[in-house]
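Please read the structure below before turning to the comments.
Just so it is clear: chains get the letters A, B, ... in the order the sequence lines come, proteins before strands, and each one is counted from 1. Note that the structure is predicted; figures quoted are calculated from it, not measured.
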Amino acid sequence: MNLTSSLIASGQESEAVEASVNYAMQASGAFTWMWLLIAFPLFGAAFLLLAGRRTDKWGHWLGVAMSLASFATAVVMFFAMIASPDADRSQTLHLWDWIAVGRFEVPIALHLDQLSMTFVLLITGVGSLIHIYAVGYMAEDPARRRFFAYLNLFVAAMLLLVLADSYLVLYFGWEGVGLASYLLISFFQYKPSAAVAGKKAFVVNRVGDIGMSIAIMLMFVTFGSVTFEGVLGNVGMASETANTWIGLMLLLAACGKSAQFPLQSWLLDAMEGPTPVSALIHAATMVTAGVYLIVRSGPIFEAAPTAATAVIVIGAITLMFGAIIGCAKDDIKKVLAGSTMSQIGYMMLAAGLGPIGYVFAIFHLVAHGCFKANMFLGAGSIMHGMNDQVDMRRFGALRFVMVGTFITFSAGWLAIMGIPPFAGFFSKDKIIEAAFMHGWIPGLVAAIGAGITAFYMTRLWTMTFTGKARWTEDNQHPHESPKIMLIPIAILAFLSVSIGFILAYGDAIINWLTPVTGYAEQETVLNHYIIEYGTLAMVIAGAVIAYLQYRRDVPITPPQHVSALTTAARRDLYGDAFNEAVFMRPGQWLTRSLVFLDSRVVDGAVNGVAALAGGLSGRLRRLQTGYVRSYGLWMLIGAVVLLGFLILVRV
Amino acid sequence: MNELIASVFETPVINYRQLSPILIILGAAVISVLVEAFVPRANRRVVQLVLVFLALITAIIWAVTGAGQQAITGEGAIAVDGPGTFLQITILIVSVFVAMLMAENRLDPAGDAFTARANSLPGSEDEREYTNRGWTTTELWPLFLFSVGGMLLFVVANDLLILFVALEVMSLPLYLMAAIARRRRLLSQEAAMKYFLLGAFGSAFFLYGSAMAYGFAGSIRLGDIANAISALPGPNGLIIAAVALLSVGMFFKIAAVPFHMWAPDVYVGAPSPVTAFMASCVKIAGVGVLLRVMYVAFSGLAWDWRPLFWIVSIVTMLVATILALTQTDIKRMLAYSSISHAGFLLIAVIALNPQGIASTLIYLVVYATATVGAFGIVTLVRGPSGEATHLSQWAGLGKRSPLVAGGFAILLLSFAGIPLTAGFIGKFTVFGAGIAGGATPVVIVGAVASMIAAFFYVRVIVLMFFTDPAEDGPTVVTPSPFTGIAISVSVILTVIFGIFPQPLIELAEKASIFIR
């Protein structure tokens, strides 16, 4: 009995269970209405965008209502699913055939099972809370209606992504969330930094999306199908090489969307967007789409060990990467962004572990969705009360002026560190344990990461809420946020405290997800107790060090003489320099040399084609003289040639 | 004695039910002529409009309710079958929207798109006089109905003589309709003259080919010709010549290169609603007949005519797209676009399989849908002297009226064959049929041509949305519901067919068997 199990009376030891999701069952009963989930927010987005300024006064409430309606539908579906036996929990709703020509069939269908249900509840639940919060947060913004239209659009696209029944439909949702993310990051268009950040997110995501489209093409070539049923059901028939390539391409896609190494650089800049967006899109939901993709495509990775190992490696690197960046940033939102990156690294790591990790990847994803949204909204609340100040060096002692924000934020802080019995404890410890089942290296990385997480989160918490006030009443004037913002935070704080326990109680989340993802347990390389207590010790050590270091005076300007690691971390561990060196410079060099080649070597050929088309066009145009006699002559020539040709063919 | 006569003369079997759409339209055309003769000028427009729409809608209802009942009727001269009925219904529906464009009278301050009196000299005192009186050429409507009637007969004709008669019933009114533009009348008359002369030339080829076919088979029935070909032991010059000459006649109608030269001039000169009619309905009828003649009569000679069609298809696609690159007039660009679509459609003819028929039907529907809308939008963008068709005048249109420019952009994307528009489905099915029919090289050229074509379609979109409007640029006039509905339906259908194509595909597949 380890620590987790001693807190919760767990059921009997479960053995390896194969995934048995059925993609072919036609939806019946309440599930035939699952399209409503997407239809509500989609209608909201379309209506708000088309109706224009007339709806400025009440448009945001429509956005909230559509999101809540979708959440209510999700709750109904959830209870309907609980009420049905395990075998009936996987439901596919066929909407229409987009194209069915010969062997090429693309049905448009939705698929709801325990895995997508979990996501739907998270997206609509957290999404609705953030909608409500944003009513207060964006109250001053003249473009609030447009903001809510985009938020609704995002929710619809994200739901399409997780409800898709094929990779092609998933791709629509995938691009949809990318579009919404782009629109929302650059929402404050008057800020050049926001516009640039939006563009960067867009371009980096494009690199990932190439992976997605190549994966889909490979699937079609290999399996002749792009549906989950056709691909995941036939993995055994494809060669390992094919599975490996598909897996790696899916991983590339996941890296782009989930800000994993080496495509992580956009997430920090994405913090230019309004804070509710950071909470919803860049913490709780969209950035976890990559994890969803990997877990959903589990059979492919199980058949391709190389690809699975790549997932673990990427997860481990990003986990450390994000944590180190988080230690050095002074911008509260960027610390949280680094933390998000790192936590998603945990999920990727778990997803790469296979059946021993899938369930915990999703578990941590849900828990993270709650506590990270909680903290982001808390950060938004601080910014709201402090004139959009984000520099933590100018915070301090806010616990007295923002009591509500302080209490709720603290719940999130304890949850992410993994202090029992808060949410992160249950989910993250399970991942660390699973990582030790795989081997020493992933296990140690995950455990050390937990220590660093505790360090930077405590640093954030200490610099913001304790110590001396480094703001003055007249230039910042901190004050508590209105109720409409505090209530959603409070609900999320409650979830940060309790969701881990709720989902871990009686192995609820394991039993719930196992039919879709499969589940297995292995011996860990290290004793359970040592893992549990060792991790906890490291977490406490990290927290104490940070508290002692930052409780004292913090200079308002960041010190310049710091270690190389700090400098590196402040510069996002040279993520942008890496991009510049690996992608941009060679790209520039390539284009320049191509231009050189073009102008010197293949001038006649390359430039010639364009000139040829244009010149040909100009010359052919001259035949169009406008004289009937010449048109008639051409017809005659044509007829003679036709006749002559036919006779020649015969001969 | 009586018995003897009775045994010699048998009443021909005529299935009036199957022929009813044709009869309704041609009957309405005759009534329409009487309306011109007896109804006072002031009321003619209204009466004609009621008559035309009533006739079209009744014909649609009869055609739709009668669909699926196949029949060879009129002593074998007419074959009402799946493709025939499908094309008839398509022509009728498209005609409704074309008629709406023609009925528009709010765009031009002087009235509709047609001249006050066709026999007044352009620019003369007379012309001004009639214009001031507010007269319009209501003779347009009987011409329109006759032409539609000719098309309906054209697509179900089962022998070469009926084909020729239908061809002329369809074409002759068109020559006149092209001549009666209100603005730039000289250009319009010149276009009509060219169209008439070249049309007559093309018809002559068709008729000559028919004679050759009769000389070979001893019959003008398509089925009999096919039987004679299958009984043929060796090469025969007569039938080869017949194939070549009949092809020329039909290539002219669908404007395939090198028989396309009339098209740009006529499309530009004719009043835009009439251009819409020519580009959509005539193309439907022409391709439909080409398909029927090649599949029913000459499939036995496929080894002979297929290489020829390969070449014509390739040349048409390439020449038309390359020429479209340097066009500066929007109507002329659409004309070359229309020519290039003829090349794509020929791929399906080459396929010579049921998929080929189905994909042709699909392509024609999506092409005609977008074409009507595109020419409809052309009529909206106007300067002081009528439609502003020079491309430079369209610069920045997206900033002035995003709705119109957005609709036009969707139609252009559909012409280019971008996914999620109807045009993609058309190209996709046609290319699929081409590959299944062993014409992969043509399909590759088709793909290359669509890439080149995408350039000039997208160029217009860029021009509309990403350039600044000119100071004294044209205005977008708000039309009456007639044009408004026609354009909206065209844009909406283009999107709907792109997202939900399956019903259309299934319908076309169901209709893809010829009878003879």
Side-chain angles (χ1 to χ4, degrees), chain A residues 46 49-50 52 94-109 168-169 171-172 175-176 213 609-651, chain B residues 190 193-194 197-198 201-202 205 235-237 240-241 243-245 247-249 251-252 256-262 264-265 301 303-308 311-312 318-319 321-327 355 358-359 420 424-425 428-429 432-433 435-436 452 455 498-503 505-506:
Chain A
L49 285 176
L50 292 178
H94 183 86
L95 294 178
W96 75 86
D97 281 318
W98 186 49
I99 278 188
V101 179
R103 210 165 63 91
F104 187 77
E105 277 186 29
V106 184
I108 304 285
L168 198 75
V169 178
Y171 190 63
F172 277 108
E175 291 297 322
S213 38
V609 171
L612 184 73
L616 204 61
S617 187
R619 234 158 267 170
L620 281 172
R621 270 180 86 174
R622 268 181 237 158
L623 297 180
Q624 194 81 18
T625 53
Y627 292 118
V628 179
R629 55 173 184 268
S630 82
Y631 294 0
L633 183 64
W634 275 105
M635 279 179 67
L636 186 65
I637 293 172
V640 171
V641 170
L642 246 65
L643 194 58
F645 183 84
L646 272 185
I647 291 166
L648 277 180
V649 167
R650 225 358 153 178
V651 175
Chain B
E190 183 192 320
M193 196 65 200
K194 276 181 193 164
L197 287 174
L198 295 171
F201 198 36
F205 280 107
N236 182 304
I240 293 292
V243 170
L245 296 173
S247 306
V248 170
F251 284 155
F252 174 81
V257 177
F259 312 100
H260 69 287
M261 291 187 140
W262 60 275
D265 292 10
L301 284 175
W303 285 107
D304 290 294
W305 58 261
R306 255 180 162 172
L308 179 76
I311 294 170
V312 174
L318 287 181
V319 169
T321 41
I322 287 175
L323 274 169
L325 286 179
T326 49
Q327 299 305 320
Q355 273 164 279
S359 63
L420 291 186
F424 170 74
I425 305 300
F428 184 84
T429 48
I435 289 174
I452 303 176
F455 171 76
I499 301 175
F500 304 93
Q502 205 52 32
I505 295 176
E506 273 166 20

Next item on the list: Could you look at B:Leu245 and say if it's the side chain, the backbone, both or neither that has a heavy atom under 4.5 Å from chain A?
Entry: neither
Checklist line | chain A interface, residue from B:Thr321, B:Ile311, B:Asp304, B:Ile240 that has the most non-hydrogen pairs under 4.5 Å | finding: B:Asp304
Next item on the list: Could you tell me which portion of B:Ile435 (side chain, backbone, both or neither) has an atom closer than 4.5 angstrom to a non-hydrogen atom of chain A?
Entry: neither
Check: B:Val243, B:Leu318, B:Val248, B:Leu198: which one forms the most heavy-atom pairs within less than 4.5 Å of chain A?
Finding: B:Leu198
Margin query: Under 4.5 Å from any heavy atom of chain B, what part of A:Phe645 do you find: side chain, backbone, both or neither?
Written below: side chain
Item checked: Interchain contact, B:Phe424 with chain A, by part (heavy-atom threshold 4.5 Å) -> side chain
Check: Hey, are the side chains of A:Leu636 and B:Phe205 touching, using non-hydrogen atoms and a 4.5 Å cut-off?
Finding: yes
Notebook entry, point to check: Can you tell me how far the NE2 atom of B:His260 sits from the CH2 atom of A:Trp634, to the nearest 0.5 Å?
Noted result: 9.5 Å
Next item on the list: Apply side chain to side chain contact (heavy atoms under 4.5 Å, CB included) to A:Val628 and B:Phe201, showing your working.
Entry: CA-CA 11 Å; A:Val628 179; B:Phe201 198 36; over 6 Å; no
Notebook entry, point to check: Counting heavy-atom pairs under 4.5 Å to chain A, which of B:Val257, B:Leu308, B:Val312, B:Leu301 comes out on top?
Noted result: B:Leu308
Next item on the list: Could you tell me which non-hydrogen atom of A:Met635 sits nearest to which non-hydrogen atom of B:Phe252, and how far apart they are?
Entry: CE-CD1, 3.5 Å
Check: Where is the tightest heavy-atom contact between B:Pro258 and A:Gly638, given as atom of each residue plus distance?
Finding: CG-CA, 3.8 Å
Item checked: Atom of A:Leu643, atom of B:Ala244 and distance for their closest heavy-atom approach -> CD1-CB, 3.4 Å
Margin query: Just so I understand: if I count every heavy-atom pair under 4.5 Å between each of B:Glu506, B:Met193, B:Gln327 and chain A, which residue has the most?
Written below: B:Gln327
Next item on the list: State, with a plain yes or no, whether a side-chain heavy atom of A:Tyr631 is found less than 4.5 Å away from one of B:Leu197.
Entry: no
Note to self: Is B:Glu190 close to chain A through its backbone or its side chain, or both, or neither, when contacts mean heavy atoms under 4.5 Å?
What the structure shows: side chain
Note to self: Can you tell me which portion of A:Ile108 sits under 4.5 Å from chain B's heavy atoms? Options are side chain, backbone, both or neither.
What the structure shows: neither
